[in-house]
Amino acid sequence: LVDMIQASPCGVDMQSPPSILIVAPPLPSNEEFIDTEGERVFVGSIAKAKMLAPLYNKIADAKGCEFLDLSQLVTLSTIDGIHFDESGHNVVASALKNKIQSLF
């Protein structure tokens, strides 16, 4: 996707590519959530998610993109461990707003 975007002339001047912000997701907070069929569907998700930010950051560096690591900024809901609560939405909105404004 980054390569496709960087090859497009759809940036602010409609001649060069747009800036790209790669965002690493927050870490799951609960691997014990049980779905409607009685299965623990998020087992191992925290360890896997911890690997994403370094990988996304490496891609951002290699491709000349901006990077924001939400795993350092927000904690997900304790209800299911994968969705934002009201506070989480506010943190993400503020972090994205600040990062995007810094790009312009």
Does the side chain of Pro25 come within less than 4.5 Å of Tyr56's, by heavy atoms? yes

side-chain hydrogen bond (donor to acceptor under 3.5 Å, both in side chains) with Asp13: which residues, sequence neighbours excluded? Ser16

side-chain hydrogen bond (donor to acceptor under 3.5 Å, both in side chains) filter on Ser94, not counting sequence neighbours, yields none

Results of side-chain contact (heavy atoms from CB on, under 4.5 Å) for Pro18 - residues two or more places apart only: Ile5, Ser8

Those residues that, when tested against Gln101, pass side-chain contact (heavy atoms from CB on, under 4.5 Å) (two or more places apart): Lys97, Asn98

Connected via hydrophobic side-chain network under 4.5 Å: Leu68 and Ile100: yes

Once side-chain contact (heavy atoms from CB on, under 4.5 Å) is applied, do any residues pair with Pro17, and if so which ones, sequence neighbours excluded? none

Quick one: salt bridge (charged side-chain N to carboxylate O under 4.0 Å, His left out) pairs with a partner in residues 65-78, sequence neighbours left out? Glu66-Lys99

Distance-only criterion, 3.5 Å: show the donor-acceptor pairs between side-chain atoms of residues 76-83 and protein atoms not counting sequence neighbours.
unit_1: Ser77; atom_1: OG; unit_2: Ile79; atom_2: N; d: 3.0
unit_1: Asp80; atom_1: OD1; unit_2: Ile82; atom_2: N; d: 3.0
unit_1: Asp80; atom_1: OD1; unit_2: His83; atom_2: N; d: 3.2
unit_1: Asp80; atom_1: OD2; unit_2: His83; atom_2: ND1; d: 2.4

Apply salt bridge (Lys or Arg N to Asp or Glu O under 4.0 Å) to Glu31 and list each qualifying residue two or more places apart in sequence or on a separate chain. none

Check whether more than 12 heavy atoms from other residues, nucleotides or ligands sit under 6.0 Å from atom CG of Leu1, and answer yes or no. no

If Ile, Leu, Val, Met, Phe, Trp and Tyr residues are connected whenever their side-chain heavy atoms lie under 4.5 Å apart, and connections chain through other members, are Leu96 and Phe104 in the same group? yes

Which donor-acceptor pairs under 3.5 Å do side chains of residues 38-46 form with protein atoms, sequence neighbours excluded?
unit_1: Arg40; atom_1: NE; unit_2: Glu32; atom_2: OE1; d: 3.1
unit_1: Arg40; atom_1: NH2; unit_2: Glu32; atom_2: OE1; d: 3.4
unit_1: Arg40; atom_1: NH2; unit_2: Glu32; atom_2: OE2; d: 3.1
unit_1: Ser45; atom_1: OG; unit_2: Phe42; atom_2: O; d: 2.8

Output all residues satisfying salt bridge (Lys or Arg N to Asp or Glu O under 4.0 Å) with Asp3, sequence neighbours left out; order by chain, then residue number. Lys63

Under 4.5 Å between any side-chain heavy atoms of Cys65 and Gln6, yes or no? yes

Residues that Leu27 engages under side-chain contact (heavy atoms from CB on, under 4.5 Å), provided they are two or more places apart: Ala49, Lys50, Ser71

Just verifying a value: how many Å separate Leu52 CG and Ile59 CD1, rounded to the nearest 0.5 Å? 9.5 Å

Please check if Leu73 and Val92 belong to a single hydrophobic cluster, counting links between Ile, Leu, Val, Met, Phe, Trp and Tyr side chain heavy atoms closer than 4.5 Å. yes

Would you mind reporting whether Asn57 and Ile22 have side-chain heavy atoms less than 4.5 Å apart? no

For Ala60 and Phe67, the nearest pair of non-hydrogen atoms, with its separation, is CB-CB, 3.8 Å

Side chains of Asp85 and Thr75 in contact at under 4.5 Å (non-hydrogen atoms): no

Pairing residues for His89 by the ring-ring contact (aromatic ring centres under 6.0 Å, His included) criterion, not counting sequence neighbours: Phe84

Cluster link Leu70 to Leu103, ILVMFWY, side chain under 4.5 Å: yes

